[in-house]
Amino acid sequence: DWRLGRQYVGESNDLVWHIGVKRDDSLTITSIDGLSVKCNKSEPKGDFRDKVLITLFTGKASEDDGIANTDAGDVTGDINFSNVQLDLSIIPNGNLKLGFLRGEDANTASSTDSNKLSIWRVGVNGGIAENMFTYHAEYLQNTGEAGNQGLTGAGAPTNLDYQGSAIDLGLGFNAPETNIGTFGAWINLVMASGDDDVT
């Protein structure tokens with residue numbers, strides 16, 4: 001499945017990778033121009049490929065130059081995003097997800113001040129007892145750097161490394177239907193860390 005052009009990417013309940021219709025009070029809608037490629041799971045293969053979904057995306061959130069122009073003399077620069085995700089349906093009524101995201105803000109024509117953020121992620125989600133109980137757990141780790149945004153011990157500019165991480169845990173309960181309706185409950189725990197040392 002190939003798609004080129006303006007589109008939505010990611011899932012609405014994703015912690016970091018969703019560009020699309022938001023579930024907020026102002027009904028925000030975001031989109032991105034790019035190329036997405038997904039392997040086709042609609043046709044049974046009869047082997048492990050039935051359990052694997054590979055998603056690739058690369059796109060541009062912002063382009064500061066017109067056609068035939070270059071980055072020379074840029075003040076702002078381009079913003080590019082890429083994502084690779086592997087979904088494995090190897091758990092009964094569940095999904096194992098592995099992913100790598102990359103974003104780069106090319107601030108100017110100089111590559112030394114670009115802001116480059118990468119995120120490695122691994123997670124699992126699913127349900128038991130016909131989804132009466134649901135669960136999800138995910139770990140995310142930042143890498144990359146913001147060019148010349150940090151300081152050395154002597155106060156000189158240097159690259160600021162991204163070293164943050166996050167854990168997202170959740171449990172849900174969906175009650176059987178009753179004569180007054182259906183009920184559900186969920187609880188989430190999200191923990192995130194960063195580095196507040198300017199050096």
Side-chain angles (χ1 to χ4, degrees), residues 1-20 22 28 30-39 52-65 70-71 74-88 90 95-125 136-153 156-170 188-199:
D1 180 16
W2 299 74
R3 178 172 296 181
L4 175 64
R6 186 154 297 178
Q7 56 190 287
Y8 303 146
V9 292
E11 300 175 3
S12 60
N13 59 348
D14 195 290
L15 191 62
V16 295
W17 181 236
H18 175 244
I19 301 175
K22 306 299 182 183
T28 306
T30 57
S31 60
I32 188 170
D33 294 322
L35 171 66
S36 65
V37 182
K38 294 182 181 181
C39 68
V52 177
L53 174 62
I54 302 173
T55 305
L56 307 174
F57 176 85
T58 184
K60 189 174 290 289
S62 177
E63 168 61 65
D64 76 310
D65 293 312
T70 69
D71 290 335
D74 279 358
V75 176
T76 55
D78 302 340
I79 300 175
N80 303 305
F81 289 119
S82 296
N83 178 54
V84 179
Q85 184 169 309
L86 179 64
D87 290 279
L88 301 171
I90 58 177
N95 181 62
L96 176 65
K97 175 171 61 178
L98 305 172
F100 175 75
L101 299 96
R102 171 80 169 178
E104 180 174 355
D105 181 359
N107 297 325
T108 66
S110 173
S111 62
T112 58
D113 66 350
S114 293
N115 191 357
K116 303 172 184 176
L117 172 64
S118 298
I119 302 175
W120 295 90
R121 64 191 308 180
V122 57
V124 62
N125 66 280
H136 76 267
E138 186 169 29
Y139 175 77
L140 304 101
Q141 177 67 51
N142 288 348
T143 61
E145 63 187 18
N148 292 330
Q149 299 300 309
L151 298 173
T152 64
T158 188
N159 293 340
L160 182 65
D161 294 332
Y162 290 121
Q163 299 177 351
S165 61
I167 297 175
D168 181 15
L169 306 173
N188 276 0
L189 173 64
V190 179
M191 297 181 293
S193 71
D195 185 355
D196 60 357
D197 186 350
V198 69
T199 62

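Note that this is a predicted model, so its numbers are computed, not measured.
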Problem set entry | Derivation and outcome, side chain to side chain contact (heavy atoms under 4.5 Å, CB included), residues Val16 and Arg121 | CA-CA 10 Å; Val16 295; Arg121 64 191 308 180; 3.6 Å; yes

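- Rounding to the nearest 0.5 Å gives a distance of 4.0 Å between CD1 of Ile32 and CZ of Phe57.
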Problem set entry | Candidate pair Lys116 and Glu104, rule side chain to side chain contact (heavy atoms under 4.5 Å, CB included), full reasoning | CA-CA 4 Å; Lys116 303 172 184 176; Glu104 180 174 355; 3.5 Å; yes

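- The heavy-atom pair separating Ala106 from Ser114 by the smallest distance is CA-OG, 3.8 Å.
- Note that CG of Asp14 and CG of Leu101 are 8.0 Å apart. Values are rounded to the nearest 0.5 Å.
- The main-chain N or O of Asn148 is found under 3.5 Å from a side-chain atom of Asn159 such that the two form a donor-acceptor pair.
- Of the possible polar contacts, none joining the Gln85 side chain to the Lys97 backbone as a donor-acceptor pair under 3.5 Å is found.
- Residue Ile54 holds its CD1 atom at 13.0 Å from NZ of Lys38, rounded to the nearest 0.5 Å.
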For this session: May I have the step-by-step check of side chain to side chain contact (heavy atoms under 4.5 Å, CB included) for Thr58 and Asn80, ending in yes or no?
Result: CA-CA 8 Å; Thr58 184; Asn80 303 305; over 6 Å; no

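- Residues Leu88 and Val52 are in side-chain contact: their nearest non-hydrogen atoms beyond the backbone lie under 4.5 Å apart.
- Here the OG-CZ distance, from Ser82 to Arg102, works out to 9.0 Å after rounding to the nearest 0.5 Å.
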Exercise. Passes side chain to side chain contact (heavy atoms under 4.5 Å, CB included), Asn83 versus Val9? Steps please.
Worked result: CA-CA 10 Å; Asn83 178 54; Val9 292; over 6 Å; no

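- Distance CG/Asn95 to CG/Asp87: 4.5 Å, rounded to 0.5 Å.
- Here the shortest heavy-atom pairing between Gly34 and Gln7 reads O-NE2, 3.0 Å.
- Put simply, the side chain of Thr30 gets close to the backbone of Gly20: a donor and an acceptor are under 3.5 Å apart.
- Phe100 meets the ring-ring contact (aromatic ring centres under 6.0 Å, His included) test with Trp120; sequence neighbours excluded.
- Taking every heavy atom of both residues into account, Ser165 and Tyr139 meet most closely at CB-OH, 3.7 Å.
- Here the closest heavy-atom approach between residue Gly170 and residue Asn188 is recorded as CA-OD1, 3.3 Å.
- A distance of 10.0 Å separates CD1 in Ile167 from CD in Gln141, rounded to the nearest 0.5 Å.
- Residues Asn115 and Gln149 have side chains not in contact (no heavy-atom distance under 4.5 Å, counting atoms from C-beta outward).
- Using a distance-only test at 3.5 Å, with no hydrogens or angles considered, no donor-acceptor pair links the side chain of Gln163 to the main chain of Gly194.
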